[in-house]
Amino acid sequence: MQGKEQTEFKSAVKSWLKSHGLDYRWVAEQCGVSEITVRNWMSQKNIPPLKQQLLERVMVQLPAVQQGGTAAEVQGMSVNAAFSLTIKLAPELYNRLAERAMASGTTMEGMIAQAISRLLEDEAPALTSRKVILPSK
C-alpha cells in the first residue's frame, strides 16, 4: 500500500485501537516489534505488508473474541481473551489449582496448556506452555 491507502489504513487502525481501549504497545506486542517502531509506522513510515496483514486479521477477528468489550466473569475468576489470555483468580481458586498441578506432577502453566489442548482436541496439535503470567500468592 502506498500514499492515500496507507494513510486511510493507519487512520482505521488508530480508530479501532481507541474503540477497543488498546494502544501502540499492544500493537507492538502483537507484531513482535518495539513500541517506537509502531509509532514510526503510524506517524511517518509505511507499515510493512506482513505486519499490515497481521493487523487487518486482528481487526477483523478481535470483535468476535471480545464481544461487549468486557471480561467474562465466573465466581472467583475473570477472563479476558484477545490473542492472549489473562485469567485473574481469587486466591482460594489459585491455591486449589496450584495444589492440583503439584499433585499431578506438573506446573500450573503446563496444566493450563494441557486443558486448553483438550478443549481444541482435533482442531490443533497439542499446545505447549509459552508465557502464562499468574498472580503471586
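Note that the numbering runs from 1 along the sequence shown for the chain. The shown structure was predicted, so the numbers you read here are calculated from the model rather than taken from an experiment.
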* To do: Side-chain contact test, heavy atoms from C-beta onward, threshold under 4.5 Å: evaluate it for Val27 versus Leu17 and give yes or no.
  => yes
* Check: Ser19 side chain, Trp16 main-chain N or O, donor-acceptor pair, under 3.5 Å -> yes
* To the nearest 0.5 angstrom, please state how far the CD atom of Gln30 sits from the CG atom of Leu22. => 8.5 Å
* How far does SG of Cys31 sit from CD of Gln52, to the nearest 0.5 angstrom? -> 10.5 Å
* Asked: For Lys45, does the NZ atom have more than 12 heavy-atom neighbours from other residues, nucleotides or ligands under 6.0 Å away?
  -> no
* **Selection residues 17-32 - residue pairs positive for salt bridge (Lys or Arg N to Asp or Glu O under 4.0 Å), sequence neighbours left out** => Arg25-Glu35
* Between Val13 and Trp41, is any pair of side-chain heavy atoms under 4.5 Å apart? -> no
* Asked: Who pairs with Ser34 by side-chain contact (heavy atoms from CB on, under 4.5 Å), at least two apart in sequence or on another chain?
  -> Ile36, Thr37
* By side-chain contact (heavy atoms from CB on, under 4.5 Å), which residues pair with Met102, not counting sequence neighbours? -> none
* Identify, with sequence neighbours excluded, every residue that meets side chain to side chain donor-acceptor pair (under 3.5 Å) alongside Thr106. => none
* Go through the structure and list residues passing side-chain contact (heavy atoms from CB on, under 4.5 Å) with Lys10, not counting sequence neighbours. => Gln6, Met42, Ile47
* Asked: At what distance, to the nearest 0.5 angstrom, does CG of Leu97 lie from CE of Met111?
  -> 4.5 Å
* Asked: Can you pull the salt bridge (Lys or Arg N to Asp or Glu O under 4.0 Å) pairs that have at least one residue in residues 90-105, sequence neighbours excluded?
  -> none
* Distance from Thr7 atom OG1 to Lys4 atom NZ, nearest 0.5 Å? -> 9.5 Å
